[in-house]
A.B. asks: 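Pasting a structure here, questions to come.
Counting starts at 1 for both ligands and their atoms, in listed order.
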Amino acid sequence: MATSTQVAAVILIILPYIFCYLAASSDPGHITPSNHPREMALYPYDFTIFYPGHHCRTCHLLKPARSKHCSICKRCVAKQDHHCIFINNCVGYGNIHWFLLLLFTTGLLIAYASYTGLNLLWGEIIQAFPDRGSSWLDVFRKSPSWSSYFGLWGWAMQQMTRMSAVTLLCLLTNPLVWGLLGYHIYLIWAGTTTNESLKWSDWQAEMKDGFVFKRKLAEDRQKDLSIEPAWTRWPAESQQTVVRTEDGRPPQDARAMGVGDWQRVWNLAEVENLYDLGFWDNLGDVFRGPRRSARI
Ligand SMILES: [Zn+2]
Ligand SMILES: [Zn+2]
């Protein structure tokens, strides 16, 4: 009979493969002529990093807000985050939840594998050198120097070479996986994506130079429905438009969007991020969004 620990370990080993398959095989949100109206209704334009009226030069479709054309997939992808070489697929609106679960379960697996590997090596050490004590701290204290302490580990590794190689590999990949997961949790907290964070940092540089201006959008603004969706499922609409100018002077074009005076913007904190609803709602959009969109 398998113990509950063994069952948990088997589940832990299987889950990353399941999520890897789902992340790699799911549609990340490819935009086609048939699903274009639905993709347009996912997010409103924020008139800051996404303006209406831009066509993809390859797909010849209007670019929905938050979408990006992937040159590897050769298609536009809804809420494109990045093209991931590990799953050989884009990470976007349709599969980002599988990608996050893949990172999380892979992180758990390699953390568990590192812990198990170190424990086995440790068992080898205290069995061979019982006079040094049985706890990590005892053995460290009774070792005459750092090199003597790490010499014990080196000796144990030579006794179990193949297992040690796997343990070392797991130890070294921990920062990569947890770092990537941490970065994605930060992006969710900030209500942005990898692609959008690059756009925001471009804006930050322009703002520092004093070339960026904002003003209000009229509340009763008439939408141009040939380039903008009449309605989106997102619970907020942009209240502002943000533009950059070539000469550092406020926009002079009388046809420019918005009403009132232009205000110079010096840093990102002065600009609303329309796509940030707060951490939990942003997380909800990542995990519930794909199911919700199926009903549109
Ligand atoms: Zn495209
Ligand atoms: Zn791609």
A.B. asks: Report whether any nitrogen, oxygen or sulfur of Cys70 sits less than 2.8 Å from the Zn ion (ligand 1) (N, O or S, backbone or side chain).
C.D. replies: no
A.B. asks: Closer than 4.0 angstrom, basic N to acidic O: yes or no for Glu270 and Lys214?
C.D. replies: no
A.B. asks: By atom name, which N, O or S atom of His83 is the nearest to the Zn ion (ligand 2)?
C.D. replies: ND1
A.B. asks: To the closest 0.5 Å, what do you measure between NZ (Lys68) and CZ (Arg75)?
C.D. replies: 16.0 Å
A.B. asks: Looking at Phe104, I'd like to know if its CZ atom is crowded, meaning that more than 12 non-hydrogen atoms belonging to other residues, nucleotides or ligands lie closer than 6.0 Å.
C.D. replies: no
A.B. asks: Please calculate the SG(Cys73)-the Zn ion (ligand 2)-SG(Cys90) angle and round it to 10 degrees.
C.D. replies: 110°
A.B. asks: Looking at the Zn ion (ligand 1), which N/O/S atom of His69 is the nearest one?
C.D. replies: ND1
A.B. asks: Angle class for the Trp153/Tyr149 ring planes (parallel below 30°, perpendicular above 60°, tilted otherwise)?
C.D. replies: perpendicular
